[in-house]
Amino acid sequence: MHSYATPYNIVRSQEPDVPVYCFRPERVTAAAKWFRESFPAQPFYAVKANPGLHVLDALWAAGINSFDVASENEIETIYNRFPGARMAFLHPVKNRRAVSRAYHQYGVRIFVTDTQAELQKILEETNYAKDLTIIVRIGVSNDGATLPLTGKFGATEDDAAAILREARRYADELGVSFHVGSQAMKPSAWATAMADVSRIIISAGVTVDIVDVGGGFPSIYADTPPPSLEAYASMVEASFENMFVLENAELWCEPGRALVAEAESLLVRVELAKPGSLYINDGSYGSLYDAVHERWQFPVRAITGNGRKLRGMAEYTIYGPTCDSTDKFPEKVWLPAGLTEGDYLEFGNIGAYGRAMASRFNGFGETDVAIVHDAPWPSLYNAVGAEVIAIGSKATK
Ligand SMILES: *Cc1c(COP(=O)(O)O)cnc(C)c1O
């Protein structure tokens, strides 16, 4: 992987034909350091947010050695890359043979369930192993989440107590978990969820060894900045103190987005300009999935192919590369006027759910990766590079 000072150097020296992920390892280090040192819970990185091996390597190097995995493929990736890593199989609906292989081949000991049937499956496929950590996922409100995740997973209050009691009979360690939704803009969502979960633990009458507060911690994009991450940390810490759990209970979390969003940007080429329109080489079937389907406001800047200076701004409709007419940004984007074929756009903070979402539809989807060392995008972490703008973080106050 080549290393450049900035994406400008990539454009000048390569004029790349395929989209290039600009990987900023320092951003991963800063995020991992914050979660390890300033957040009160042990982080299990949610691999689905960005399974790129260079990203996983940077997380590992920064001391993230526990992983939230959801499929056998993710388990195999982590197992092969980091022998000895701790994995938690946290998908509430697992393939039966994947459970067996996770336990017997890959050494996974932590499993989630939100039903009696899934608990039974886990017990059967591990031959009622005595060293299981069973996490019972409980459904909670997703108020304030930009991407709510309710409705699909999480035991109801009525079911949860019975599942907890049954799991307690077999589990070496018993945990509870919940997920408040992704890009959760309200720290109070954790306070509400943890109070609800605590009530359920009391009604179940079980002892709980682990409270896993899930993922959903935000990153910063071009629209309203989230509260500071410190606000989330203090909310979780205070809420944990009020929970009905063992005094030495452990606190875990499963951040995906917050650990890797700042890790990568995406450099795309303008293949054609029409008046008011740009056709670029990534779109709704690529890493810009969320920009189109979820109207995500990634910050963006233009880099001219030949270094010319542009004056003034213009509104553009942006089209992706595939033949599907829905492969188009839902809203116009303000960019410098006069952009043309051979110019580039760089979308910032696309490290979470960017490459993870890309498909090969229509034969597109080939990409490249380069390391860069600038830090032009908004950040929720303390500056590593001097240029970092830490909006919404205590570091700026
Ligand atoms: C997706 C997911 C996460 C990570 O969510 P983020 O919003 O990226 O932090 C964590 N845990 C589970 C169970 C998930 O499904």
Side-chain angles (χ1 to χ4, degrees), residues 27-28 31-32 34-35 39 41-52 55-56 59 64 66-71 73-75 78 86-94 102 108 110-115 118 133-140 142-155 175-187 189-190 193 197 210-221 226-227 229 232-233 235-236 251-264 287 289-290 294 296 298 349-357 380-381:
R27 307 315 311 149
V28 178
W34 187 85
F35 268 94
F39 197 72
Q42 278 193 55
F44 285 67
Y45 169 59
V47 173
K48 78 169 186 286
N50 189 330
V55 175
L56 295 173
L59 286 165
I64 301 290
S66 298
F67 297 87
D68 160 10
V69 287
S71 61
N73 219 290
E74 289 184 353
I75 291 172
I78 298 300
R86 182 162 63 155
M87 289 184 271
F89 202 166
L90 296 184
H91 195 306
V93 180
K94 293 169 280 302
V108 177
I110 307 164
F111 296 85
V112 81
T113 181
D114 64 1
T115 57
E118 185 77 7
T133 295
I134 305 277
I135 308 283
V136 177
R137 178 157 161 187
I138 297 170
V140 297
N142 276 206
D143 180 37
T146 308
L147 294 174
L149 298 169
T150 39
K152 188 164 180 181
F153 299 125
V176 288
S177 77
F178 57 86
H179 205 299
V180 301
S182 203
Q183 185 74 3
M185 299 295 274
K186 291 184 185 171
W190 275 268
V197 167
I210 297 152
V211 176
D212 174 352
V213 300
F217 306 99
S219 185
I220 183 165
Y221 299 97
L229 288 173
Y232 292 79
M235 188 66 78
V236 167
L251 195 55
W252 293 0
C253 62
E254 310 159 13
R257 179 186 307 281
L259 277 174
V260 297
E262 297 179 22
E264 291 184 308
S287 301
Y289 180 98
D290 276 347
E294 305 289 352
W296 217 258
F298 294 105
N349 292 356
I350 204 167
Y353 308 107
R355 68 165 59 244
M357 302 301 291
L380 285 182
Y381 301 98

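Just follow the structure's listing: the first ligand is 1, and inside any ligand the first atom is 1.
For atom 7 (O) of ligand 1, the nearest protein heavy atom (residue, atom name, distance) is S182 OG, 2.4 Å. The nearest protein atom to atom 8 (O) of ligand 1, hydrogens excluded, is given as Y353 OH, 2.5 Å; this is a heavy-atom distance. Nearest non-hydrogen protein atom to atom 13 (C) of ligand 1 is E254 OE1, 3.3 Å.
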List the steps and the verdict of side chain to side chain contact (heavy atoms under 4.5 Å, CB included) for V112 and S177.
CA-CA 8 Å; V112 81; S177 77; 4.1 Å; yes
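Of the possible polar contacts, none joining the K94 side chain to the E118 backbone as a donor-acceptor pair under 3.5 Å is found. The backbone N or O of A184 sits less than 3.5 Å from a side-chain atom of Y232, completing a donor-acceptor pair. Within the 3.5 Å criterion, the main-chain N or O of L380 finds a donor-acceptor partner in the side chain of E262. Looking only at distances, a side-chain donor or acceptor of N50 sits under 3.5 Å from a matching main-chain atom of G351.
Heavy atoms of G216 approach ligand 1 to within less than 4.0 angstrom.
With distances taken over non-hydrogen atoms, the option nearest atom 2 (C) of ligand 1 out of K48, K152, H91 is K48.
The N/O atoms of L90, backbone and side chain alike, include none that comes under 3.5 Å of an N/O atom in ligand 1.
Atoms of ligand 1 lying under 4.0 Å from at least one heavy atom of G256, given by number and element, are 4 (C), 6 (P), 8 (O), 9 (O). Within ligand 1, counting atoms from 1 as listed, the ones closer than 4.0 Å to a heavy atom of R257 are 6 (P), 8 (O), 9 (O). Of all atoms in ligand 1, listed by their number and element, those nearer than 4.0 Å to a heavy atom of R137 are 13 (C).
The part of A46 lying near ligand 1 is the side chain, judged by heavy-atom distances below 4.0 Å. When heavy-atom distances to ligand 1 are checked against a 4.0 Å cut-off, D68 comes that close only through its side chain, counted from C-beta outward.
Considering every non-hydrogen atom in both A46 and E254, the closest pair reads CB-O, 3.9 Å.
Annotation: the span from L56 atom CG to Y45 atom OH amounts to 6.0 Å, rounded to 0.5 Å.
In this pair, Y221 and F298 present their aromatic rings perpendicular. The plane angle is above 60°, beyond the 30 to 60° band.
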